[in-house]
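Right, one structure below, let's go through it.
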Amino acid sequence: MRESASAGLLSWEIRVLTESMFKRLRKWVVTRFFGHSGQRARLVSKDGRCNIEFGNVEAQSRFIFFVDIWTTVLDLKWRYKMTIFITAFLGSWFFFGLLWYAVAYIHKDLPEFHPSANHTPCVENINGLTSAFLFSLETQVTIGYGFRCVTEQCATAIFLLIFQSILGVIVNSFMCGAILAKISRPKKRAKTITFSKNAVISKRGGKLCLLIRVANLRKSLLIGSHIYGKLLKTTVTPEGETIILDQININFVVDAGNENLFFISPLTIYHVIDHNSPFFHMAAETLIQQDFELVVFLDGTVESTSATCQVRTSYVPEEVLWGYRFAPIVSKTKEGKYRVDFHNFSKTVEVETPHCAMCLYNEKDARARMKRGYDNPNFILSEVNETDDTKM
């Protein structure tokens, strides 16, 4: 009997282990070959990009982007920007090369017209379209090899030289300025600000809080940093209107407040889950069933360039861990220096935590009532005279 029972237990353990292995294998296959289709849709990705698409935009509205051409060029991706950069220069060089060729053709300076020995051309040494293109390039980029030059014979050539020089400066200033502005955009500074992979919910200072860790990977500070959050969820108004991506303000603070953060080392920001918090009616068992997206913003001014930047990230219910806190990350060495170990940046440790905010506050109220005494104003103490009716 014991042998059969042990054999049955062993077979059951093997079956459970096999099912667990198949589940993990199926999850890996779905994630590897079909992407993250099982995850919830999110408005803001972990690296701050907004996942939104504009549809049915009127054709007239599309031309507004060309009115603000500077911002449009800056927002373009690098492959499109470099295409425009090369096209602008090559196109202008070739266009003015055609004009110089036309000037030489009209003035009959080309060799095919067999000019006389005393003929003075508008531009020296333009013999065809190729030489006209080379002269256009030399003029616009002010190379000036000295082999081809404009003479005083044609006023048209002089005007064309002035016009190309002015237009060349404009094109060069715009395109080089756009490249420089895109390289130095504060958006790149935001890449060195990182948030923890998960948010955690645990007790902090006797209160139930939602905590997020944020770090500055550069030693240069962000001046006037301000951090806040938005909770995006679908709500239904009392009138029956369904609002998708309804925004609720989430206040994040550190021990010194949420304004002018001293952002030299990683900070743990937290949101107190009180009666005014949208997380107050959530519990550890129901958190994963909620449909929301927590978007966290960090605004600040770059110390080196004085340009403002914004860093964004988001958390969905699967990325909010209830009953955990972040592992320590800052230590002090023997030499007296402070050391930040980014290996523990997103590492969490399980701690004892109430399974809901309402339970924590009810527990505090119960303890307070136990310590509190109550007076009954209707209670009257009456004195009773005792008589001894026992006779000896």
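Values reported hereafter were calculated over all heavy atoms of this structure, with side chains retained and with hydrogens, waters and symmetry mates removed.
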Go through the steps for Asp299 and Thr308 under the test side-chain contact (heavy atoms from CB on, under 4.5 Å), then give the verdict. CA-CA 7 Å; Asp299 298 339; Thr308 58; over 6 Å; no

Can you see which heavy atom on Asp109 is nearest to which on Thr120, and at what distance? OD1-O, 4.5 Å

Quick one, Leu74 and Trp70 - any side-chain contact, counting heavy atoms below 4.5 Å? yes

Within-4.5 Å side-chain heavy-atom neighbours: Thr156 and His107: no

Measuring from atom CZ of Phe96 to atom CG of Leu161, what distance do you get when rounded to the nearest 0.5 angstrom? 10.5 Å

Tell me whether the count of non-hydrogen atoms from other residues, nucleotides or ligands lying under 6.0 Å of CD in Glu285 goes above 12. yes

The single option from Thr313, Leu222, Leu217 passing side-chain contact (heavy atoms from CB on, under 4.5 Å) against Ile193: Leu222

Return the CE to CE distance between Met175 and Met82, rounded to the nearest 0.5 Å. 8.5 Å

Given the options Val349, Val200, Asn198, Phe326 meets side-chain contact (heavy atoms from CB on, under 4.5 Å) only with Val200

Tell me, do Tyr105 and Leu110 make a side-chain contact under 4.5 Å, heavy atoms counted? yes

Strictly by modelled atom types, are His343 and Asp341 linked by a side-chain donor-acceptor pair under 3.5 Å? no

Non-hydrogen side-chain atoms of Val171 and Trp93 separated by less than 4.5 Å: no

Are Val351 and Trp322 connected in the hydrophobic side-chain network, where two residues link if heavy atoms are under 4.5 Å apart? no

Pairwise side-chain contact, Arg325 with Leu211, heavy-atom cut-off 4.5 Å (strictly under): no

Between Ser314 and Arg42, is there a side-chain donor-acceptor contact under 3.5 Å, judged purely by atom types and distance? yes

For Arg218 and Thr192 the tightest heavy-atom approach is NE-CG2, 3.6 Å

Nearest-0.5 Å distance that lies between atom CD in Glu303 and atom CD1 in Ile223: 5.0 Å

To the nearest 0.5 Å, what is the distance between CZ (Phe345) and CZ (Phe195)? 8.5 Å

Value rounded to 0.5 Å, distance of CD1 in Ile162 from CG in Leu167: 13.5 Å

Answer yes or no on whether Lys46 is positioned over the face of Tyr315, meaning its NZ or CZ is under 6.0 Å from the six-membered ring centre and within 45° of the axis. yes

Should Lys207 and Ile273 count as side-chain neighbours, where that means a heavy-atom distance under 4.5 Å? no

